[in-house]
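Take a look at the structure set out below.
As a basis for the values below, the full set of heavy atoms in this structure was taken, side chains included, without hydrogen atoms, waters or symmetry mates. Counting begins at 1 with the first residue of the sequence.
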Amino acid sequence: HPMPTKQQIDHAINEHFDAWNAQDQARWSANFSDDIVFEDPYGGLLKEGPQAVQHSWENSFKNGDVWTLECLLKQVCLDQAALVVRSTGSLNGKPVVVEGIEIYTVNDSGKVCHIRTYFNPPEGMELDPYFSQQT
């Protein structure tokens with residue numbers, strides 16, 4: 001089946017981080033396919049489609065919390081990019097740093113169509129239930 005180019009993948013990943021860090025919700029949201037699937041985190045609720053894009057944004061920036069995303073390492077193979085990501089933010093007014101592994105699949109239109117993330121909250125802290133694993 002058709003594959004995105006490496007340039008399309010690089011662009012989609014850069015757009016994801018740049019738009020998020022600029023808090024540009026419209027630009028961030030436009031980077032996803034209509035059939036986007038979030039496994040964020042893996043083992044949590046499966047979140048799909050435009051509604052998932054909106055909820056992921058709203059649940060990250062509520063209560064005045066701001067998260068900054070930094071890609072520390074990226075490897076692209078075929079239609080996927082595997083990233084090591086540092087998320088710096090705050091939970092209930094306390095500074096938090098979460099490092100995780102994120103796998104992005106990009107479709108042949110250059111849109112992100114699947115994200116699977118692997119991370120755990122820092123010791124003794126609870127993330128928003130929207131970003132929790134099912135037990």
Remaining members of hydrophobic cluster (4.5 Å side-chain criterion), Y118: Y42, I101, I103

Nearest non-hydrogen partners of A52 and Y130, listed with the distance: O-OH, 3.5 Å

Contacts of type side chain to side chain contact (heavy atoms under 4.5 Å, CB included), residue S33, not counting sequence neighbours: D35, I36, N107, K111, C113

Pairs touching residues 52-70 that satisfy salt bridge (charged side-chain N to carboxylate O under 4.0 Å, His left out), sequence neighbours left out: K62-D128, E70-R86

Within 6.0 angstrom of E126 CD, more than 12 heavy atoms from elsewhere: no

Residues that T5 engages under side chain to side chain contact (heavy atoms under 4.5 Å, CB included), provided they are two or more places apart: Q7, Q8

Cluster overlap F17 with W67, hydrophobic side-chain contacts below 4.5 Å: yes

Test ring pair (Phe, Tyr, Trp, His ring centres under 6.0 Å) applied to F38 - qualifying residues, sequence neighbours left out: F32

Sequence-distant partners of H11, side chain to side chain contact (heavy atoms under 4.5 Å, CB included), two or more places apart: E15

Pairs where residues 38-57 contributes a residue and the test salt bridge (charged side-chain N to carboxylate O under 4.0 Å, His left out) is met, not counting sequence neighbours: E39-R116

Which residues share a ring pair (Phe, Tyr, Trp, His ring centres under 6.0 Å) with F131, sequence neighbours left out: none

Test side chain to side chain donor-acceptor pair (under 3.5 Å) applied to N120 - qualifying residues, sequence neighbours left out: Q133

Residue pair F119 / G100: nearest heavy atoms and the distance that separates them: CB-CA, 4.2 Å

Spacing of D18 atom CG and I13 atom CD1 [to the nearest 0.5 Å]: 11.0 Å

H16 NE2 to Y104 OH distance, which is reported to the nearest 0.5 Å: 3.0 Å

For W57, all residues meeting ring pair (Phe, Tyr, Trp, His ring centres under 6.0 Å), sequence neighbours excluded: W20, W28, F61

Shortest non-hydrogen contact from P122 toward V97: CG-O, 4.1 Å

Atom pair CD (E102) and CG (L69), whose distance is rounded to the nearest 0.5 Å: 7.0 Å

Straight-line distance of S56 OG to I115 CD1, nearest 0.5 Å: 8.0 Å

Scan the side chains in residues 72-83 for donor-acceptor partners under 3.5 Å anywhere in the protein, sequence neighbours excluded, and list what turns up.
from: K74; atom 1: NZ; to: D10; atom 2: OD1; distance (Å): 2.7
from: Q80; atom 1: NE2; to: T105; atom 2: OG1; distance (Å): 3.0

Partners passing side chain to side chain contact (heavy atoms under 4.5 Å, CB included) against P121 (at least two apart in sequence or in another chain): L127

With I9, the side chain to side chain contact (heavy atoms under 4.5 Å, CB included) member among V106, N14, V112: V106

